[in-house]
Peer 1: 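Supplied in structure tokens, the structure appears directly below.
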Amino acid sequence: MLHLFDTAVGRVVPFEPREPGRVSMYVCGPTVYGPPHLGHGRFSLVFDVLRRYLLWSGLEVDYVSNITDIDDKIINRANDEGRDWSEIATRCESVWWRAMDAIGVMRPTSDPHATAYVDEMVILIAELIDRGVAYVSADGVYFSPAVVDDYGLLARQTIDSMQAGARVEVAEHKRSPIDFALWKFVKPGEPSWPSPWGDGRPGWHTECVVMSLDLLGDGFDLHGGGQDLAFPHHENERAQAVAAGRTFARHWMHNGFVEVGGEKMAKSLGNFTNLLDLVESTDPRAYRLLVLRAHYRSPVEVTRASTDDAAAALRRLDAFARRVASADLAISPAVADPDAIAEFARVMDDDLDTPAAIAQLFSLVTEVNTALDAADTARATAAAAAAFEICRAVGLVLDAGGSEIPAEVLARAQQRDQARAARDFATADAIRDALVAEGWVVEDTAAGTQVRPA
RNA sequence: GGCGUCGUGGCCGAGUGGCUGAGGCAGGGGCCUGCAAAGCCCUCCACGUGGGUUCGAUUCCCACCGACGCCUCCA
């Protein structure tokens with residue numbers, strides 16, 4: 001059975017779905033006001049891997065990930081650029097999906113938008129006011145988290161110790177520094193929606209509460225996101241749900257940061273790499289491999305050197321895939337080495353130990369290569385099938401070649417084989433040198449000269 | 001100030017109270033090859049510092065040094 005670290009209890013615990021055989025998960029998606037960066041890419045990959053592993057394990061997965069399409073940052077950018085806020089949101093959202101597709105992240109089962117849930121948010125806010133845990137102030141409606149007994153659960157801090165913090169500003173309209181806005185009254189030039197307390201727009205933390213509960217129901221299985229979302233965002237979501245008498249997420253999962261030069265990558269720090277820039281400058285699969293090689297809770301350093309390193313590792317996997325393809329083995333999930341599959345499941349079930357799984361994958365590659373060298377087809381087939389199962393479970397797509405090679409190039413490869421057969425190595429080498437100079441990788445195999453793009 | 005994480009070889013990055021330590025990349029040697037490439041085999045290189053607990057610590061505890069994160073912008 002899968003075990004995951006639960007932020008709410010601070011340790012690895014069994015992950016038991018509310019409904020056997022079916023997992024409901026909610027992953028906090030982006031606020032669409034700018035290009036996605038590597039940090040967005042990481043959380044998307046981490047939860048994509050979890051989702052695929054659950055699917056691979058035979059479970060159904062309801063995967064909800066929101067698009068925050070109304071927010072201060074969107075409005076600010078719209079004002080800066082003299083555009084409509086919705087235009088910013090729409091454009092950034094399309095860039096978001098392009099980036100997700102590029103790194104091979106499965107589309108969510110549903111992708112609710114905050115603006116489509118304003119009515120539901122108003123209902124929740126009214127409920128919180130009725131219960132006396134939220135109040136109307138001069139500039140909006142605020143929530144008092146102090147009423148929630150275990151507030152600070154996800155922050156792993158008590159309210160008192162948080163208030164000792166120097167950064168907490170006492171906004172003039174709040175009763176307590178830790179209170180947060182559920183509803184912000186409209187200011188000139190801002191988009192707004194009607195509410196019983198005045199026109200305005202929702203605060204950030206409310207949307208995820210209504211959307212997750214609406215689409216996944218009370219007591220859904222897992223709520224996740226980047227570590228910086230644990231507090232305040234998730235803490236505040238949870239506080240609202242609890243205060244409204246609802247049962248919220250059963251399990252909380254947060255992934256570690258992407259770092260650059262040992263420092264967190266963040267838009268606010270201005271040290272971010274645009275996700276699309278990364279996938280355009282290197283093999284997009286390299287980022288997935290890089291993320292898989294680190295444990296999801298550890299920070300991962302992403303530099304040109306580390307992506308190049310991952311790309312090089314990928315070349316070994318692709319070479320393996322090509323070799324298996326040309327060996328014409330009868331590969332299917334059914335013939336996968338059961339011991340290898342059991343070992344893979346064992347390490348993945350241990351808090352998603354993808355580094356161990358990747359290590360195992362490379363061991364299987366070596367095993368297959370050795371078996372093929374020894375013409376041990378049975379061994380090679382079982383190990384290769386297991387390796388492909390691992391790849392499938394973590395969403396790693398290997399390239400077994402098969403791309404279109406121009407007939408003219410194939411003709412020259414044939415000429416080279418003829419020259420080699422005639423032991424005319426000068427001609428053979430000249431042909432190879434010419435092909436290499438044109439950007440082809442040339443390899444000799446039992447089946448003759450093989451050519452593929454470099 | 002409060003809370004917390006981390007410090008592993010040339011690089012990335014796992015892991016463990018003792019059989020000495022995943023994996024990848026890079027480096028060296030060998031096998032294979034007409035020569036290469038790919039592949040296989042072997043190999044160099046590590047547990048921040050100082051104490052403590054222990055028969056034994058890289059792994060547990062304490063201190064220190066250093067890095068980083070959260071304390072309502074943040075994936």
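Order of the sequence lines sets the chain letters (A, B, ...), proteins ahead of strands, with each chain counted from 1.
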Peer 1: Sequence neighbours left out, what passes salt bridge (charged side-chain N to carboxylate O under 4.0 Å, His left out) with A:D337? Give chain and number order.
Peer 2: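 A:D337: salt bridge (charged side-chain N to carboxylate O under 4.0 Å, His left out) contacts with A:R379.
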Peer 1: Give a yes/no on whether any side-chain N or O of A:K264 is located under 4.0 angstrom from OP1 or OP2 of B:C70.
Peer 2: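 Looking at the OP1 and OP2 atoms of B:C70, one of them is under 4.0 Å from a side-chain N or O of A:K264.
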Peer 1: Under the salt bridge (charged side-chain N to carboxylate O under 4.0 Å, His left out) rule, what pairs show up with a residue in residues 94-106 of chain A, not counting sequence neighbours?
Peer 2: A:D101-A:R107
Peer 1: Enumerate the salt bridge (charged side-chain N to carboxylate O under 4.0 Å, His left out) contacts for residues 38-47 of chain A, please, sequence neighbours excluded, ordered by first and then second residue.
Peer 2: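 Counting only pairs at least two positions apart or across chains, no salt bridge (charged side-chain N to carboxylate O under 4.0 Å, His left out) contact touches residues 38-47 of chain A.
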Peer 1: Taking protein heavy atoms under 4.0 Å as touching, what does nucleotides 22-32 of chain B look like 5' to 3' if B marks base contact, S marks sugar-phosphate-only contact and - marks none?
Peer 2: BSBB-------
Peer 1: Can you tell which of B:G39, B:A14, B:A75 lies closest to the side chain of A:N369?
Peer 2: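 Per side-chain heavy atoms of A:N369, the pick is B:G39.
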Peer 1: For A:F344, which residues count as a ring pair (Phe, Tyr, Trp, His ring centres under 6.0 Å) partner, sequence neighbours excluded?
Peer 2: A:Y53, A:W56
Peer 1: Check ring pair (Phe, Tyr, Trp, His ring centres under 6.0 Å) between A:Y151 and all other residues, then give those that pass, not counting sequence neighbours.
Peer 2: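 With sequence neighbours excluded, A:Y151 shows a ring pair (Phe, Tyr, Trp, His ring centres under 6.0 Å) to no residue whatsoever.
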Peer 1: Sort and list the pairs that fulfil salt bridge (charged side-chain N to carboxylate O under 4.0 Å, His left out) and have at least one residue in residues 146-156 of chain A, not counting sequence neighbours.
Peer 2: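 Passing the test, one end in residues 146-156 of chain A: A:D150-A:R238.
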Peer 1: Mapping A:S306 and A:A426 to their closest nucleotides on RNA chain B, which lands nearer the 5' end?
Peer 2: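 Between the two, 5'-proximity favours A:S306.
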Peer 1: Taking the P atom of each, how far is B:G18 from B:C68, in whole Å?
Peer 2: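 Here B:G18 and B:C68 have their P atoms 33 Å from each other.
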Peer 1: With P as the reference atom in both, quote the distance from B:G27 to B:G66 in angstrom, rounded to an integer.
Peer 2: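 My reading of the P atoms in B:G27 and B:G66 gives 36 Å.
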Peer 1: Would you please name every residue forming a salt bridge (charged side-chain N to carboxylate O under 4.0 Å, His left out) with A:E93, sequence neighbours left out?
Peer 2: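 Partners of A:E93 under the salt bridge (charged side-chain N to carboxylate O under 4.0 Å, His left out) test: none.
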Peer 1: Looking at A:D444 and A:R420, does any basic side-chain N land under 4.0 Å from a carboxylate oxygen?
Peer 2: yes
Peer 1: Could you state the atom-to-atom distance from NZ of A:K174 to P of B:U72 in whole Å?
Peer 2: 9 Å
Peer 1: Only pairs under 3.5 Å count here: list side-chain donor-acceptor contacts from residues 447-454 of chain A, not counting sequence neighbours, and write none if there are none.
Peer 2:
unit_1, atom_1, unit_2, atom_2, d
A:T449, OG1, A:R416, NH1, 2.9
A:T449, OG1, A:D417, OD1, 2.7
A:R452, NH2, A:E443, OE2, 2.8

Peer 1: Pull out every residue in residues 232-243 of chain A that has a heavy atom closer than 4.0 Å to any atom of RNA chain B, ordered by number, or say none.
Peer 2: A:P232, A:N236
Peer 1: Are A:Y26 and A:S110 side-chain neighbours, meaning at least one heavy-atom pair lies under 4.5 Å?
Peer 2: no
Peer 1: Rounded to whole angstrom units, what separation is found between the CG atom of A:D373 and the C1' atom of B:G39?
Peer 2: 6 Å
Peer 1: How do A:R452 and A:E301 order along RNA chain B: which one's closest nucleotide is nearer the 5' end?
Peer 2: A:E301
Peer 1: Rounded to whole Å, please give me the gap between OH in A:Y33 and C1' in B:A75.
Peer 2: 10 Å
Peer 1: Regarding A:R323, tell me which of base, sugar-phosphate or nothing describes its non-hydrogen contacts under 4.0 Å with the strands shown.
Peer 2: sugar-phosphate
Peer 1: Excluding sequence neighbours, so at least two apart, what forms ring pair (Phe, Tyr, Trp, His ring centres under 6.0 Å) with A:H205?
Peer 2: A:F180, A:H233
Peer 1: For RNA chain B, which consecutive runs of 3 or more Watson-Crick or G-U pairs (each distance under 3.5 Å) count as stems?
Peer 2: B:1-7 with B:65-71, B:10-12 with B:23-25, B:27-31 with B:39-43, B:48-52 with B:60-64
Peer 1: May I have the distance from A:L229 (atom CG) to B:C73 (atom P), rounded to whole angstrom?
Peer 2: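 Distance check: A:L229 CG to B:C73 P gives 13 Å.
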